[in-house]
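Note that this is a predicted model, so its numbers are computed, not measured. Convention: sequence-line order gives letters A, B, ...; per-chain numbering from 1.
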Amino acid sequence: MLGKGLKRKLEQEEENGVMKMASPQEVSPTCYWLQRQTVLNLSLLKLHSHPGHTDPGLARRVLITNTLRHIQDELRGEEGVLLPPSVPRQQPPSSPVIKDSFSAALAEIESLCPTVGITALFSTEAARSLTSDQNMPDITSSTDLINSGESRNTDPDLSEMHSSVDPPIALSDSTQSALSHTPSFLADFSLDDFLFTEIDNILFDNTPCSSSLSGTSGTSRVISMVTDDLVKTLTGYGNGGTSQSALPSNQTFKLDLNELDHIMEVLVGS
Amino acid sequence: MWSSCWTYSLNLSSVPGDGDSQSRWCLSQVKGAVDDDVAEADIISAVEFNHSGELLATGDRGGRIVIFQQEQESKNLPQCHAEYNVYSTFQSHEPEFDYLKSLEIEEKINKIRWLPQKNAAHFLLSTNDKTIKLWKISERDKRPEGYNLKEEDGRYRHPSSLTTLRVPVFQPMDLMVEASPRRVYANAHTYHINSISVNSDNETYLSADDLRINLWHLDFTDRSFNIVDIKPANMEELTEVITASEFHPLQCNTFVYGSSKGSVRLCDMRASALCDQHSKLFEEPEDPSTRSFFSEIISSISDVKFSHSGRYMMTRDYLTLKIWDLHMESRPVEIYQVHGYLRSKLCSLYENDCIFDKFECCWRGDDSEVMTGSYNNFFRMFDRDAQRDATLEATWENGSPGCPLKTWRVSAGSRRKRNEIGVDCLDFSRKILYTSWHPQDNIVALATVNNLYIFQEKLN
């Protein structure tokens, strides 16, 4: 099971002595963000892992999916305020601190690094797709791939539900098509989710007990192709000021940016 | 297999106690293997007393049912109730394979419900994920002997060898308890059956899966009526499932079902054939200060039980027990915290899947107390009248026979005193999910992972 990344996150929480699962107003924004990310990753993990030969319960799947949806809705709400880095940052008066610090940090990094082709492109795609119409003609093609790749164990009705919460595979399809069009799954899934869950899925695929994500060799190859680039980019971030190509050492960074580096380190496992 | 390796029953002599750290309950018996190495098939998954309390049925993951019977002879001891001993063991369900979906159907017994006794035989309904069976358990203590055409060993005699005729007579024999399947109610559920409930009319019963509830007549296996269907046209829109269901104990037209979102719906079958429109909706508004990512999961109803009087209903969700007055839908009349100290541990419990554990709950015969299980082999007793609660442990290791159980406290952080344990030291692999209370006497039966425990209340 994916141990290192997740466990470290939880230990981090305990070391900080933070109360778990407090409401957003009571905990520091980074901690809440971390908690939310943990729950998001756990939920995706649980949905993708097939326990055995028996049908995993519908009740459990519905509860996990609802938890995931709740987090996605929250992220989507924040994503709407999060501006793409190519646009000069404005200060919406009502936005809470967490959005400012993270968007500011991300904007700073991306403005400094010319090699961030993919992430910049994705963020603009994400921003555009949020405003675009959301009927989903692309689901059928992605769904077909998923259905062929996924085990035949699921009820036809349920496999549709799987595909709607199966973003990593769908996203990799989109990247394969040279980012020419915006698949609708991106609208459901924010930039943050894609970045971090792709990495987690890579780590997951490399462990012995990997799930059906790696069952289809085609999709896993695509995933590793795409995310190799991302991993390189993000390990650049994760190394903080040590990697010359990513972060010039003569820049001064805010405290928030250091926090971001720390988080990246944790997630990438460097 | 159930090797009742040992069982000890206790003479409940009066023992001076510590006062309020002692409960009235004593361990009576423990059934099952003693060693820690437990086969998956031996894990108990259902516990149920019958309507008289004389019989106690348990089901396990291997699809077997073991019925214990209370001995009549030791009633002469005024201080303790009689012992339970194995009465019958049989294989109720076998593993099956669904060829269409390439999935195994587990033989694990999800629920056992007894029918009220009508004659000398006992009847119970048992169910796994897909199929319900009606079992008849009957005793045979005599057999006919003295046939004319058959020898005692079964060989047939030639009619020409007969010289006289005799009438066969019944001769006593060793008691034999036979279990035979009388009905098999199959192929009515697409999803996993989570509840069965016998109606007070003694003719019908309901079975509930994640999305549908069906009404059966006990005599007919080839048809059942669908009375609740919450499956959406588009499965992607599914956000709520049925988690538990029960018939009202007195009104044969009324039943309730609980959902994964923490609401309970009461339906009246007289209103319409399909009871998708509820008659009452019992739902407590969420407390915004305790909102977390897991609010919905912990609000999911794991069990719903009517009181014996039929006036109240109890629901169990992950952290609490709630008692509802059927006349008031807006909020429960009583809320009991089962293990509130787990609220800060929900993320870990989500990771190790414990947050999905479905605990049962049960009423005392006179409805004055309720109980439910917890982790670390603790179980919780709530006295509704005295507004007192107790945490007891199901263990045979500590404590001497005849000694009343000591109550426990769970504290934040690490262990400090005797009979106090820190929340970080709790063993989440040892959990008590299944409990049953004797309908008349104060005897409770509960299942830990390994064993069946029977506790009795001190009578003096």
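With a 4.5 angstrom heavy-atom cutoff, B/Glu240 touches chain A only via backbone atoms. Looking at B/Leu211, only its side chain comes within 4.5 Å of chain A, counting heavy atoms on both sides. With a 4.5 angstrom heavy-atom cutoff, B/Tyr350 touches chain A via backbone and side-chain atoms both. Neither the backbone nor the side chain of B/Asp209 comes within less than 4.5 Å of any heavy atom in chain A. Both the backbone and the side chain of B/Ser260 come within contact range of chain A, judged by heavy atoms closer than 4.5 Å.
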Inset, instruction - Let me see the working for B/Thr243 and B/Lys358 under side-chain contact (heavy atoms from CB on, under 4.5 Å), right down to the final yes or no. - result: CA-CA 9 Å; B/Thr243 53; B/Lys358 293 187 73 172; 4.1 Å; yes
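Salt bridge absent: B/Glu246 and B/Arg113 never bring a charged side-chain N and a carboxylate O closer than 4.0 Å.
Under the 30°/60° scheme for interplanar angles, the aromatic rings of B/Phe359 and B/Tyr318 are found to be tilted.
More than 12 heavy atoms of other residues, nucleotides or ligands sit less than 6.0 Å from atom CG of B/Asp276.
Atom OG of B/Ser299 sits about 13.0 Å away from atom CZ of B/Phe294, to the nearest 0.5 Å.
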